[in-house]
There are 4 protein chains.
Amino acid sequence: MARRTREESLETKNKLLESALEVMTDKPYSRVTMNEIAERVGMSKGAAYWHFKNKHEILIELIVMLCEESGGDPRLLEGDSDSFRKIRRYYISRIDKQKQSKRYEKINILFQRRLEWPKEVHDKVYRDLMQRIRKEQSMVEMAICEGQENGQVRRDVSPREISSLIAAVFFGIFALFGPNPLYPGGDFDLLKYADFIFDAFGKELKAIQA
Amino acid sequence: MARRTREESLETKNKLLESALEVMTDKPYSRVTMNEIAERVGMSKGAAYWHFKNKHEILIELIVMLCEESGGDPRLLEGDSDSFRKIRRYYISRIDKQKQSKRYEKINILFQRRLEWPKEVHDKVYRDLMQRIRKEQSMVEMAICEGQENGQVRRDVSPREISSLIAAVFFGIFALFGPNPLYPGGDFDLLKYADFIFDAFGKELKAIQA
Amino acid sequence: MARRTREESLETKNKLLESALEVMTDKPYSRVTMNEIAERVGMSKGAAYWHFKNKHEILIELIVMLCEESGGDPRLLEGDSDSFRKIRRYYISRIDKQKQSKRYEKINILFQRRLEWPKEVHDKVYRDLMQRIRKEQSMVEMAICEGQENGQVRRDVSPREISSLIAAVFFGIFALFGPNPLYPGGDFDLLKYADFIFDAFGKELKAIQA
Amino acid sequence: MARRTREESLETKNKLLESALEVMTDKPYSRVTMNEIAERVGMSKGAAYWHFKNKHEILIELIVMLCEESGGDPRLLEGDSDSFRKIRRYYISRIDKQKQSKRYEKINILFQRRLEWPKEVHDKVYRDLMQRIRKEQSMVEMAICEGQENGQVRRDVSPREISSLIAAVFFGIFALFGPNPLYPGGDFDLLKYADFIFDAFGKELKAIQA
DNA sequence: GATGAATGAGACTTCATTCAT
DNA sequence: CATGAATGAAGTCTCATTCAT
């Protein structure tokens with residue numbers, strides 16, 4: 001049953017990647033089998049090996065793909081006179097995304113499983129991963145700098161540190177209150193939490209107007 | 001003599017558990033072998049099977065054991081008139097512990113790997129785990145309630161929600177800046193972060209004195 | 001046009017055969033893949049299957065082809081009054097060939113790998129192979145007979161046996177001192193060995209003149 | 001079905017080695033499976049993997065073991081005033097061994113398959129193999145030297161070269177007329193051949209008495 | 001209590017072969 | 001003629017688990 005066109009082939013590859021995402025969010029990497037990934041999309045193990053060198057490679061390609069499509073909309077961090085409000089809007093958009101899109105949820109779960117990635121995978125993906133984290137973080141960092149420059153934000157804090165703090169805080173919130181195959185999550189309202197945090201941080205960071 | 005033997009047996013069992021902690025911190029559960037656990041303490045696979053029904057059981061007993069010894073010192077949440085300061089002190093102590101104790105670090109890593117635990121393990125451990133989380137959380141919750149009662153804390157927030165928010169925030173901080181076998185941690189100062197957070201949250205939660 | 005195509009087809013087939021010789025000389029038959037054979041000549045696996053029924057068939061055709069072109073020059077075994085000298089000249093020419101031609105070396109290696117040929121291959125090729133061995137051997141045999149008839153060679157030896165002995169002796173020499181992918185050959189001078197052998201055998205075979 | 005005693009374990013290992021010898025003489029290395037080796041002696045695949053790291057390791061141990069037990073009886077190369085006769089006796093004994101012992105035959109076949117050994121195997125075994133060949137060769141070499149010293153052998157030949165020539169010659173004879181799974185051997189009498197060769201070489205090597 | 005041999009299920013991979021295009 | 005996608009059989013290897021001693 002040989003697919004012929006380049007197009008169909010690419011489609012198969014994508015179907016396999018999607019299948020992998022599905023399965024790999026559902027269970028630990030070590031319990032995911034090539035067979036399973038392939039069968040889910042009506043292919044044979046061999047097909048998977050045609051498109052990917054091995055199991056690791058699937059995960060790698062998957063991660064690289066997801067790194068690109070995940071993250072909030074960077075445009076939200078542009079064009080607003082109030083830097084802090086921009087940051088707030090950005091994270092709120094991420095929460096929205098998470099709430100609405102099953103896919104986004106899955107991506108989150110996949111990344112939560114990163115401790116199980118084989119070193120091989122991790123090494124190849126490290127750069128992308130870092131970039132993904134950095135991208136977000138540096139956008140936030142720049143927004144804070146901007147705020148410091150135009151007098152909206154305290155000057156005695158390190159933009160770098162604050163941005164990574166915020167990243168960590170949201171990481172924690174997504175991890176604990178987001179989709180979690182083990183603790184099937186509460187009925188917590190992430191938006192409410194975000195509001196509280198931004199209210200608090202916002203005040204704490206606000207430059208004291210003379 | 002029999003007494004002696006029983007003691008020795010318990011000791012062996014503990015040695016195996018410690019070995020398991022070591023190894024399971026180091027690599028994904030699926031790549032930890034019974035052999036490895038046993039060999040690390042100069043014992044044979046068979047011995048491990050004498051003390052534990054199977055591999056899952058080791059993990060289960062390990063988790064149960066750790067649930068008891070982990071967590072901050074609850075006494076810190078007692079006996080201070082300022083409720084919020086108590087909470088602050090409590091988390092700071094956890095950070096200290098983490099900084100000083102390799103063991104505490106390992107425990108953290110082990111729990112970060114929880115997504116890989118087999119359902120079997122998870123089910124049996126769920127209650128303990130929840131309790132561990134709840135214990136801390138409810139202590140914090142109670143401290144907040146107390147604060148609300150004696151007028152130190154705003155009354156329009158849910159103690160429940162705030163306590164889980166704080167938990168999540170610290171979870172994020174530990175996860176990202178704490179020990180992490182994959183991203184070998186930066187030189188971030190957790191205490192500085194904690195200070196910032198408590199400053200911000202403290203103000204936000206303070207009851208507005210008329 | 002059709003003519004052209006047929007020619008081209010034959011050329012492709014030959015290129016595949018040459019590639020197969022190359023690869024099959026380099027590693028055990030079982031580790032040679034169709035892909036490899038085809039890729040070496042810038043073709044796809046599928047193309048190879050158009051020209052050959054399967055992998056076995058390639059080896060078969062290869063062997064048949066090589067059987068024809070290998071062996072020393074039979075003309076050397078003709079037209080000399082001294083039969084033994086003819087034999088000697090014949091084998092010397094084989095050594096020369098071996099020394100000068102990489103291709104001849106490869107053929108030798110290929111045949112050294114014959115124990116790995118699948119029964120299927122072996123059965124189909126047996127006749128050719130035997131013929132190839134016999135051809136040489138019987139030429140030598142005839143030369144010996146001739147020598148016996150004209151009184152140059154002892155009459156109490158079996159030409160058959162002597163010819164196969166000589167074949168075996170040279171087989172050993174080629175195998176041990178010839179090209180060998182495993183023991184990358186010494187700096188032995190095959191000619192020197194051949195000289196010694198022929199000196200010794202020559203004397204031993206010479207008819208005792210009354 | 002756990003065997004207990006060290007002894008029994010060793011026995012199992014040996015049985016596996018013998019089984020491997022059996023199977024590996026019967027077919028190319030690549031077509032021999034672990035399962036087959038184990039099943040032949042009523043064991044499971046797992047048992048084989050308990051005793052040997054992997055398939056390669058079986059072959060390696062097998063070869064090392066056989067290197068020790070193969071070869072002619074070196075005592076035959078001692079204590080005779082006629083050096084050449086000693087060499088002759090030595091090779092004759094090898095032929096005898098071959099004729100009488102099925103095991104010896106198998107060893108020969110195994111070694112004839114050496115071109116198929118994976119590089120890994122070959123590298124580890126190379127030294128032993130060389131030693132095995134060298135041992136024999138150097139014994140012969142010494143015998144020739146001895147002969148040169150006491151005036152029985154021509155002084156203008158290199159003992160080194162002559163000994164390797166003899167080795168090659170016998171290699172060829174064993175290979176072609178010995179057991180051969182592909183050309184199921186003739187009814188040739190190896191002894192007759194050996195006689196002829198030694199007669200010829202003997203005369204050729206004899207020191208010309210003034 | 002402890003050991004180490006043995007089992008067997010299950011996963012990863014490789015590749016000859018087929019076939020639609 | 002040629003390509004390249006897909007299949008499926010077969011083999012290697014790992015390990016949790018069992019069990020006789």
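Nothing here was measured: the structure is a model prediction, and the numbers come from that model. Below, each value reflects all heavy atoms present in this structure, side chains not excepted, and no hydrogens, waters or symmetry copies.
Distances were taken from every side-chain heavy atom of D:Y49 (C-beta onward) to each of F:dT14, E:dG1, E:dA6; the shortest belongs to F:dT14. In this structure, of E:dT13, E:dA2, F:dT17, it is F:dT17 that holds the atom nearest to the side chain of B:N54. With distances taken from any side-chain atom of A:M43 to the nucleotides F:dC13, E:dA2, F:dA6, the minimum falls on F:dA6. The listed nucleotides are F:dT12, E:dA5, F:dG4; the one nearest the side chain of D:W50 is E:dA5. Between F:dA16, F:dA6, E:dA16, one nucleotide has an atom nearer to the side chain of A:S44 than all others, and that is F:dA6. Of the listed nucleotides (E:dA6, E:dT3, F:dT3), E:dA6 has the atom at the smallest distance from the side chain of D:A47. Closest approach to the D:K45 side chain among F:dA16, E:dG10, E:dA6 is made by E:dG10 (side chain taken as heavy atoms from C-beta onward).
Ion pairing between B:E61 and B:K13 holds under the 4.0 Å rule for side-chain N and carboxylate O. With respect to the salt-bridge test (charged N to carboxylate O, under 4.0 angstrom), the residues C:K27 and C:E116 do not qualify. A salt bridge links D:E22 to D:K106: one of the charged nitrogens lies within less than 4.0 Å of a carboxylate oxygen.
Annotation: F:dT21 and E:dG1 have their P atoms spaced 22 Å apart (nearest Å).
One interatomic measurement links the two molecules: CZ of D:R31 to C1' of E:dC15, which rounds to 15 Å at whole-angstrom precision. Distance, D:K13 NZ to E:dG4 C1': 14 Å, rounded to whole Å. A straight line from CD of D:E39 to C1' of F:dA10 spans 14 Å, rounded to a whole angstrom. In this structure, A:L59 places its CG atom 15 Å from C1' of E:dC12, rounding to the nearest Å. Distance, A:K55 NZ to E:dG10 P: 15 Å, rounded to whole Å. We find that CD of A:E57 is positioned 15 Å from P of E:dC12, with the value rounded to whole Å. Here the C1' atom of nucleotide E:dG1 and the NZ atom of B:K15 are 13 Å apart, to the nearest Å. As rounded to whole Å, 20 Å separates atom P of E:dC15 from atom CZ of C:F52.
An OP1 or OP2 oxygen of F:dG4 is reached within less than 4.0 angstrom by no side-chain nitrogen or oxygen of A:H51. Between D:H56 and F:dT12 there is no side-chain N or O to OP1 or OP2 distance below 4.0 Å. Phosphate contact (OP1/OP2 of E:dG10, side-chain N/O of A:T33, threshold under 4.0 Å): absent.
Every residue two or more places apart in sequence or in another chain that forms a salt bridge (Lys or Arg N to Asp or Glu O under 4.0 Å) with B:R103 is listed here: B:E18, B:E69. Contacts of B:S19 classified as side-chain contact (heavy atoms from CB on, under 4.5 Å), with partners at least two apart in sequence or in another chain: B:V23, B:I37, B:R40, B:V41.
A 3.5 Å limit on both hydrogen-bonding distances identifies F:dA2 as the Watson-Crick or G-U partner of E:dT21.
Mapping A:G42 and D:Y29 onto DNA chain F via the closest heavy atom, the residue that lands nearer the 5' end is A:G42. Between B:G46 and C:M34, it is B:G46 whose nearest contact on DNA chain E lies nearer the 5' terminus.
A tilted orientation is assigned to the rings of D:W117 and D:H122, their planes being inclined by 30° to 60°.
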